**Student:** 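Starting off with a structure, shown below.
We use all heavy atoms of the structure for the numbers below, so side chains are in, but hydrogens, waters and symmetry mates are not. Numbering of ligands and ligand atoms starts at 1, following listing order. In this text the structure is predicted, and so the values were computed from the model without any measurement.
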Amino acid sequence: MGARFFLFAIVLTVFLGGAHHARSLVADPLERSSTAPRRTEHAPVGKLRGAGSCSSVACHGSAAPTGRSILGNEHTTWATQDKHSNAYLVLFTDRSRAIANALGIDATRSERCLGCHATPARGASRAATFGDGVSCEACHGSAEKWIGPHTEDGWESVSPAVKEQRFGLFATKDLSRRAAVCAGCHVGSPAKEDQIARDVNHDLIAAGHPALRFEFSAYLALIAPHWTEKGRNAQPDFAARAWAVGQVVCAKAALDVLQDRAARSQIKMQSERTPWPELSDYSCFSCHQDLTKTLDHSTEARSRESLTWRNWNLTLIAELAERDPGVARGSIKRDHDALSSLMNSTEPNPEDVSRCADRLAHSLDRWSQRLDADSLDARWIQDVATAISAPRESASGSGWDADAQRYLATVALQQSLRRLVPNERLRSLDRPKLERIRDALKFKVGFESPRD
Ligand code: HEC
Ligand code: HEC
Ligand code: HEC
Ligand code: HEC
């Protein structure tokens with residue numbers, strides 16, 4: 001399957017590329033003004049202005065960094081180096097056509113694709129911005145209310161919370177907020193306002209869409225950056241904090257998608273009803289087995305008769321909760337275990353699943369905000385890294401998805417450790433250890449994956 005090799009490209013890039021997190025330490029005046037808003041207080045979606053309205057040379061369209069408080073060449077970087085600017089054009093490729101044919105839709109017009117491959121917004125005028133793909137306003141919020149004010153004197157002293165609630169400019173310096181923005185597309189999200197559910201389910205995957213395997217810190221490091229991290233985000237714990245916050249935020253987003261899948265499976269009208277349980281919530285290897293039986297990961301499947309619930313985004317969440325003293329780990333473990341046994345039952349009841357997922361999602365939401373508020377110290381990072389990278393004996397907690405998550409976690413934690421603990425001998429993680437985990441992820445030559 002392309003998706004797996006794709007992830008490899010990512011992990012390799014991150015591994016070889018190392019940290020690009022170490023940037024300017026210039027203090028940010030906005031940073032001091034206030035904390036970010038709670039996720040429930042988001043501004044309503046306003047009208048889009050389109051990427052063109054940001055692209056003038058004096059604003060964000062300079063050819064090179066300008067040396068102002070912002071880089072000034074954001075539009076140039078996005079348009080020339082960031083895949084997001086190509087996200088709509090991708091819908092015209094042969095691959096997209098094949099996916100769309102299998103689903104009986106037109107990829108370039110269907111909300112089933114445009115929800116993530118174009119910038120979300122309200123109103124018919126949105127179509128005018130399709131060509132921009134995933135543009136500025138997808139990550140920074142519809143500009144209708146903030147485009148004027150953000151160039152005026154005094155804007156710098158407005159707090160991020162007010163900027164978001166009153167003007168609709170997302171508080172993306174807050175990592176949990178930032179991760180939630182990405183997760184809306186890279187994990188998925190329930191329908192809202194004028195947007196149908198954003199969901200890459202097994203129908204899309206079987207039609208040829210890459211399975212989504214998002215890890216916030218790795219993907220963040222992969223975007224050609226059009227900004228410099230400032231304030232707390234320029235501190236050495238950044239990569240580790242981005243990983244930890246990303247784990248919790250993405251797990252929460254996945255639970256929202258799960259609840260939404262449960263709800264949509266109950267719709268009366270058959271044409272709108274979706275499959276339940278949704279196949280992509282289960283270990284791919286429990287159905288897609290290697291016919292030649294040369295692949296270690298397929299032992300995961302062969303050792304079991306039935307399907308195993310395996311959500312990429314929830315792989316490490318219980319382990320992480322166990323190591324965070326400030327979190328209600330008892331209830332997180334309890335709800336996670338309960339959800340897991342519901343999903344692993346022969347016919348999971350969608351209402352029970354939904355209730356349980358909702359409880360867990362609430363705990364995770366509170367947790368992500370707390371995690372983001374604290375700095376992480378070297379001791380904590382070492383502890384988590386040691387636990388996460390330890391070899392697994394039992395079948396639970398192992399398997400390709402878990403190994404891949406462990407690898408990505410280890411890379412992020414090591415990036416912070418390298419900055420926090422300069423003496424290599426005092427660090428719990430070394431390169432050989434990382435390479436061992438990566439080797440465990442390789443598919444044996446000749447493995448018959450579903451697509452090739
Ligand atoms: C939930 C959001 C979401 C939906 C819905 C969605 N996509 Fe995607 N799509 C993505 C993301 C995210 C990626 C990038 C995957 C990655 O790199 O991890 C992607 C990647 C792709 C790729 C591979 C692009 C490349 O550069 O190789 C194609 C093709 C594609 N999508 C087509 C479609 C089509 C056609 C539809 C509608 C049937 C669709 N997508 C619906 C989020 C989505
Ligand atoms: C995929 C998401 C994404 C897209 C698309 C995107 N940005 Fe950003 N942008 C970010 C993130 C993340 C940051 C860093 C957090 C921050 O500074 O708010 C950032 C930072 C910035 C900053 C620096 C803010 C500061 O205070 O230092 C500017 C300016 C900016 N973006 C402008 C743009 C423009 C203009 C576009 C479109 C041409 C764009 N962005 C597209 C995610 C995105
Ligand atoms: C509106 C939906 C949307 C949002 C929001 C979004 N993305 Fe994406 N992202 C996509 C789609 C669709 C693609 C695939 C584009 C393609 O293949 O051309 C993509 C591709 C990417 C890629 C390229 C992967 C590769 O193939 O190399 C990275 C990295 C990425 N996104 C990171 C992020 C991060 C980090 C954020 C949050 C700051 C974010 N994205 C926000 C939809 C989104
Ligand atoms: C419950 C069993 C089951 C699970 C779990 C499952 N699949 Fe499938 N998959 C199938 C079946 C049956 C088909 C063929 C029917 C279809 O196309 O929907 C299929 C088809 C596919 C295809 C298309 C194969 C081809 O040759 O065209 C791909 C790709 C795929 N699955 C990937 C995945 C991935 C990735 C996962 C895990 C996220 C997964 N599947 C989980 C049963 C499953």
**Student:** Heavy atoms only, cut-off 4.0 Å: how does Cys182 contact ligand 3, side chain, backbone, both, or neither?
**Tutor:**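 Both backbone and side chain.
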**Student:** Can you list the residues that meet the salt bridge (charged side-chain N to carboxylate O under 4.0 Å, His left out) rule with Asp203, with sequence neighbours excluded?
**Tutor:**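 So Asp203 forms no salt bridge (charged side-chain N to carboxylate O under 4.0 Å, His left out) with any residue.
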**Student:** What residue among Thr274, Asn201, Asp281 forms side chain to side chain donor-acceptor pair (under 3.5 Å) with Arg261?
**Tutor:**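 The residue from Thr274, Asn201, Asp281 that satisfies side chain to side chain donor-acceptor pair (under 3.5 Å) with Arg261 turns out to be Asp281.
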**Student:** For atom 31 (N) of ligand 2, tell me which residue out of Lys230, His140, Arg178 has the closest non-hydrogen atom.
**Tutor:** His140
**Student:** Would you mind running through ligand 2 and noting each atom that sits below 4.0 Å from a heavy atom of Val134?
**Tutor:** 5 (C)
**Student:** side-chain contact (heavy atoms from CB on, under 4.5 Å) for Ile70 and His60? Distances and angles first, verdict last.
**Tutor:** CA-CA 9 Å; Ile70 54 156; His60 303 291; 3.4 Å; yes
**Student:** With the threshold set at under 4.0 angstrom, would you say Arg213 reaches ligand 1 through any of its heavy atoms?
**Tutor:**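 No, that is not the case, since the closest heavy atom of the residue is not under 4.0 Å from the ligand.
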**Student:** Any heavy atom of Tyr219 closer to ligand 1 than 4.0 angstrom?
**Tutor:**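 True for this residue.
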**Student:** Give the C-alpha distance, both sets of side-chain angles, the deciding distance and a yes or no for salt bridge (charged side-chain N to carboxylate O under 4.0 Å, His left out) between Arg178 and Glu229.
**Tutor:** CA-CA 13 Å; Arg178 190 188 300 183; Glu229 299 292 0; 2.8 Å; yes
**Student:** Relative to the ring of Phe216, is the ring of Phe214 parallel (under 30°), tilted (30 to 60°) or perpendicular (over 60°)?
**Tutor:**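 The rings of Phe214 and Phe216 sit tilted, inter-plane angle from 30° to 60°.
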**Student:** If you measure every N/O of Arg198 against every N/O of ligand 1, is any gap under 3.5 Å?
**Tutor:**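 No, Arg198 has no N/O under 3.5 Å of an N/O on ligand 1.
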**Student:** Using a strict 4.0 Å cut-off to heavy atoms of Arg112, name the atoms of ligand 1 that fall inside it.
**Tutor:** 4 (C), 5 (C), 37 (C), 41 (C)
**Student:** When you look at Arg177 and Glu164, which way does the salt bridge (charged side-chain N to carboxylate O under 4.0 Å, His left out) test go after all the steps?
**Tutor:** CA-CA 11 Å; Arg177 180 68 183 111; Glu164 170 136 11; 2.9 Å; yes
**Student:** Checking side chain to side chain donor-acceptor pair (under 3.5 Å) between Asp335 and each of Arg355, Arg359, His362, which is the one that passes?
**Tutor:**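 Exactly one candidate clears the test, Arg359.
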**Student:** How would you list, by chain and number, every residue that makes a salt bridge (charged side-chain N to carboxylate O under 4.0 Å, His left out) with Arg323, sequence neighbours excluded?
**Tutor:**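 Arg323 satisfies salt bridge (charged side-chain N to carboxylate O under 4.0 Å, His left out) with no residue once adjacent residues are dropped.
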**Student:** Is there a heavy atom in Pro210 that sits closer than 4.0 Å to ligand 1?
**Tutor:** yes
**Student:** Name whichever N, O or S atom of His209 ends up nearest to atom 8 (Fe) of ligand 1.
**Tutor:**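 Nearest to atom 8 (Fe) of ligand 1 within His209's N, O and S set: NE2.
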**Student:** Just by distance, do the side chain of Arg273 and the backbone of Ile267 share a donor-acceptor pair under 3.5 Å?
**Tutor:** yes
**Student:** Would you mind listing which atoms of ligand 2 come within a distance below 4.0 Å of any non-hydrogen atom of Ser135?
**Tutor:**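 Answer for ligand 2: 5 (C).
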**Student:** Confirm or rule out an N/O/S atom of Cys185, from backbone or side chain, lying less than 2.8 Å from atom 8 (Fe) of ligand 3.
**Tutor:**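 So Cys185 does not bind atom 8 (Fe) of ligand 3 by this criterion.
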**Student:** What do you reckon, does Glu137 put a non-hydrogen atom under 4.0 Å from ligand 2?
**Tutor:** no
**Student:** Without swapping roles, check the side chain of Thr129 against the backbone of Asp132 for a donor-acceptor pair under 3.5 Å.
**Tutor:** no
**Student:** Could you tell me, atom by atom, which parts of ligand 1 come under 4.0 Å of a heavy atom of Ala107?
**Tutor:**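 Those atoms are 35 (C).
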**Student:** Taking only heavy atoms of His84, which atoms of ligand 2 are found under 4.0 Å from at least one of them?
**Tutor:**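 Reading through ligand 2 atom by atom, the close ones are 1 (C).
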**Student:** Against heavy atoms of Cys54, which atoms of ligand 2 measure under 4.0 Å?
**Tutor:**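 So the atoms of ligand 2 that pass are 35 (C).
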**Student:** Report whether any nitrogen, oxygen or sulfur of His186 sits less than 2.8 Å from atom 8 (Fe) of ligand 3 (N, O or S, backbone or side chain).
**Tutor:** yes
**Student:** By number and element, which atoms of ligand 2 are closer than 4.0 Å to a non-hydrogen atom of Cys139?
**Tutor:** 1 (C), 2 (C), 3 (C), 4 (C), 5 (C), 42 (C), 43 (C)
**Student:** Does any N or O atom in His117 lie less than 3.5 angstrom from one in ligand 1, N or O only?
**Tutor:** yes
**Student:** May I ask which of Leu222, Val90, Asp82 has a heavy atom nearer to atom 16 (C) of ligand 3 than the others do?
**Tutor:**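 It is Val90 whose heavy atom sits nearest to atom 16 (C) of ligand 3.
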